[in-house]
Amino acid sequence: MDYYLGYILAILTSVLTVIKNYIRTVILVWKLPGPPALPLLGNVLIIKNNEELIYVSTYASILFGPLIRIWVSLLPVIVIYEPRHLKLILSTNKNNEKGFFYKALHNFIGPGLITSNGYTWKKNRKLIQPYFHMNVLEKFIEHFVECSHRFVSKLDGQKTLKITPFINDCILDVLHNSVLGVPLDLDSPYRKGELQAIERFIRPWLIFEPIYSWTSSANYEKKQKSSLESYTKQILYDRKKELKNSTKTCFLDMFIEISENNDQFTEEDIINETITFMLAGQDSVAGTMAFTLFYLAKEPEIQDKLIKEMSDYDVNSHISMKEINQMKYMEQVIKESLRLIPVIPLISRVITEDITLDKTVIPAGTNLFVSPFVTHRLEEFYPDPLKFDPDRFEESRVAKMHPYSYLPFSLGPRNCIGYKFSIIELKILLFYFLKKYVISLPPGKEEVQISYRATIRASGGIWLTLTPRT
Ligand code: HEM
């Protein structure tokens with residue numbers, strides 16, 4: 001009896017705490033500026049209006065000041081982007097929980113590093129992190145080089161083309177080889193599937209799991225998730241059998257090694273983390289590659305400067321980590337592309353303890369959106385912010401930058417574990433591609449419309465004209 005009473009009291013206390021925090025957040029956001037909101041829907045329809053969303057994001061600091069309130073239906077959210085605020089939120093594990101919005105990702109991506117919290121996240125991050133050391137990442141270079149050759153050879157004979165599908169295919173090729181340790185196959189379920197989470201926020205009643213679970217989208221996600229699981233499981237079993245003879249490097253083998261040495265990293269963890277890596281490394285890298293090529297094609301002088309740097313390295317000789325590190329200007333180009341288009345434009349957090357930003361107390365339980373897109377366009381940190389200028393990331397200038405003014409990979413303990421992996425991958429792909437082609441933008445395709453979703457994409461794709469480099 002006492003047990004049940006205690007149980008009911010505990011539930012009652014947590015429900016009351018949630019209600020109290022909700023009311024405190026509502027009182028606060030009422031006082032904060034933000035875009036006009038509709039009754040019940042709040043600001044969700046802005047997701048459908050890309051032009052307005054991009055305008056508001058680009059000029060957010062002028063329009064609203066440092067703390068912006070938005071309503072996702074009845075849920076109040078505070079958007080932050082000022083480096084001084086980002087430091088307070090992102091630099092510690094306190095107030096760094098993944099919030100409500102990641103629950104919607106769960107159905108698609110599963111409970112891996114991106115969506116997990118607390119003990120599971122801490123344990124898995126600690127076990128996986130050592131495999132992202134440069135000495136280990138060096139082993140992936142051979143995959144990146146092979147995939148670059150396949151990518152470039154598929155473009156033989158092409159003149160003007162939509163490059164984005166070729167890039168997407170190339171990144172899938174990289175991921176199949178370096179995460180799963182298998183060649184890209186036409187029937188791979190990782191080729192298919194689309195995140196439904198954004199649609200759920202446009203129809204806010206679908207945020208509630210019991211309602212959503214009856215929809216055809218939920219059914220689609222369930223099927224997609226189960227085909228990713230069974231495909232990955234089969235590869236895991238095959239891999240376990242052949243591991244002893246295999247010389248190829250892939251993350252799946254590393255996860256198997258972790259689980260052999262650690263009871264707490266189960267087969268379920270292997271599957272969850274493998275799926276997370278396969279999905280986290282797809283649109284993010286493909287989008288960055290596409291936008292970087294777009295900017296290089298748009299700015300021939302910057303392309304020439306990069307080619308000059310690359311001329312020190314021969315396309316036919318072995319490329320090692322040393323050469324990759326030496327291509328500094330190439331890294332500046334990628335970083336500048338990620339500044340203007342941080343392909344993951346929003347990161348969400350939930351506050352676990354009251355925190356004061358400037359003089360405003362943000363109550364525990366408040367959902368925050370961190371917006372790298374807004375931060376990267378702040379005039380104070382990036383003069384002439386809409387200009388593509390890789391020199392901003394010249395070493396001596398980086399030393400003077402605010403450490404929280406640049407965050408395409410997020411920052412702090414929950415930053416992107418694949419950060420270095422992505423930079424090496426992108427540098428190698430760019431190297432082999434640009435060694436072969438001079439790129440320009442075809443007439444009528446000089447501007448790109450971006451579509452701002454879970455990741456930023458180019459509406460209608462990115463088009464290039466390729467001229468063989470002589
Ligand atoms: C240009 C490429 C990439 C960008 C811009 C990017 C960006 C990000 C960002 C912003 C986060 C933080 C998300 C959040 O807190 O909600 C993140 C987390 C993560 N990323 Fe990436 N990412 C990229 C590539 C990759 C790749 C290639 C992998 C794996 C192979 C990867 C794996 C992950 C994982 C596992 C996390 C969760 C880390 C944690 O919470 O411990 N990412 N990424």
Side-chain angles (χ1 to χ4, degrees), residues 86 89-90 93 95-106 109-118 120-129 131-132 136-137 140 143-144 147 167 171-172 174-180 190 197 249-252 254-255 269 272-292 331 334-350 367-373 375-376 406-430 454-457:
L86 302 181
I89 300 297
L90 296 176
N93 274 326
N95 287 324
N96 210 356
E97 288 259 307
K98 295 287 178 94
F100 167 81
F101 294 96
Y102 292 78
K103 297 220 165 68
L105 286 181
H106 246 250
I109 197 168
L113 278 183
I114 290 192
T115 54
S116 58
N117 273 321
T120 309
W121 170 75
K122 223 178 202 167
K123 164 184 71 87
N124 287 3
R125 176 91 193 207
K126 198 169 161 205
L127 290 168
I128 295 171
Q129 186 69 57
Y131 292 93
F132 281 85
V136 182
L137 293 181
F140 287 91
H143 291 310
F144 301 154
C147 294
I167 296 175
I171 302 305
L172 273 172
V174 171
L175 289 168
H176 278 73
N177 281 283
S178 52
V179 178
L180 297 171
Y190 287 103
T249 310
C250 67
F251 283 114
L252 188 53
M254 298 174 188
F255 295 156
D269 286 316
N272 290 338
E273 297 305 351
T274 305
I275 294 177
T276 289
F277 275 49
M278 286 296 291
L279 299 178
Q282 248 180 67
D283 287 0
S284 54
V285 180
T288 305
M289 176 76 180
F291 284 112
T292 307
E331 195 154 327
I334 297 168
K335 284 187 171 165
E336 177 65 347
S337 167
L338 274 165
R339 180 189 69 82
L340 270 174
I341 311 284
V343 282
I344 301 192
L346 272 187
I347 298 163
S348 163
R349 289 287 182 276
V350 68
N367 279 280
L368 294 182
F369 279 155
V370 169
S371 174
F373 192 91
T375 308
H376 292 177
Y406 185 70
L407 66 158
F409 295 96
S410 187
L411 288 166
R414 293 216 73 163
N415 73 345
C416 174
I417 200 167
Y419 159 51
K420 288 184 198 151
F421 177 94
S422 312
I423 296 286
I424 302 167
E425 176 184 3
L426 285 161
K427 280 175 122 177
I428 293 179
L429 293 176
L430 282 172
T455 57
I456 297 183
R457 294 179 188 185

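Heads up: numbering here begins at 1 and tracks the sequence. Here the structure is a predicted model, which means the values were calculated and not measured. Counting starts at 1 for both ligands and their atoms, following the listed order.
- Within the listing of ligand 1, atoms 1 (C) sit less than 4.0 angstrom from a heavy atom of Thr288.
- The atoms of ligand 1 that sit less than 4.0 Å from any heavy atom of Gly281 are 26 (C), 27 (C).
- Of all the atoms in ligand 1, the ones that sit under 4.0 Å from a non-hydrogen atom of Ser422 are 2 (C), 23 (C), 24 (C), 25 (C), 26 (C), 27 (C).
- Heavy-atom separations between Arg349 and ligand 1 include at least one value shorter than 4.0 Å.
- Looking at Asn415 against ligand 1, only its backbone comes within 4.0 Å, counting heavy atoms.
- Shown in contact with Val285 at under 4.0 Å from a heavy atom are these atoms of ligand 1, numbered in order with element: 2 (C), 27 (C).
- Atoms of ligand 1 lying under 4.0 Å from at least one heavy atom of Val343, given by number and element, are 5 (C).
- Here is the list of ligand 1 atoms found below 4.0 Å of a heavy atom in Lys98: 14 (C), 15 (O), 16 (O), 40 (O).
- Checked against the 6.0 Å centroid threshold, Phe277 and Phe132 count as a close aromatic pair.
- Residue-to-ligand polar distances place Arg125 within reach of ligand 1: an N/O pair is separated by less than 3.5 Å.
- The atoms of ligand 1 that sit less than 4.0 Å from any heavy atom of Ile417 are 34 (C), 35 (C).
- The nearest heavy-atom contact from the protein to atom 10 (C) of ligand 1 is Pro408 O, 3.3 Å.
- Considering backbone and side-chain N/O of Glu425, none are found under 3.5 Å from N/O of ligand 1.
- Among Asn117, Ile456, Ile114, the residue whose heavy atom sits closest to atom 34 (C) of ligand 1 is Ile114.
- Among all non-hydrogen protein atoms, the one lying nearest atom 30 (C) of ligand 1 is Phe277 CD2, 3.8 Å.
- For Tyr190 (side chain) and Gln282 (main-chain N/O), no donor-acceptor pair under 3.5 Å exists by modelled atom type.
- Between Trp121 and ligand 1, a contact under 3.5 Å exists for at least one N or O pair.
- Contacts between Tyr419 and ligand 1 below 4.0 angstrom, taking non-hydrogen atoms only, are absent altogether.
- Ring geometry for Phe140 versus Phe144: interplanar angle under 30°, hence parallel rather than tilted (30 to 60°).
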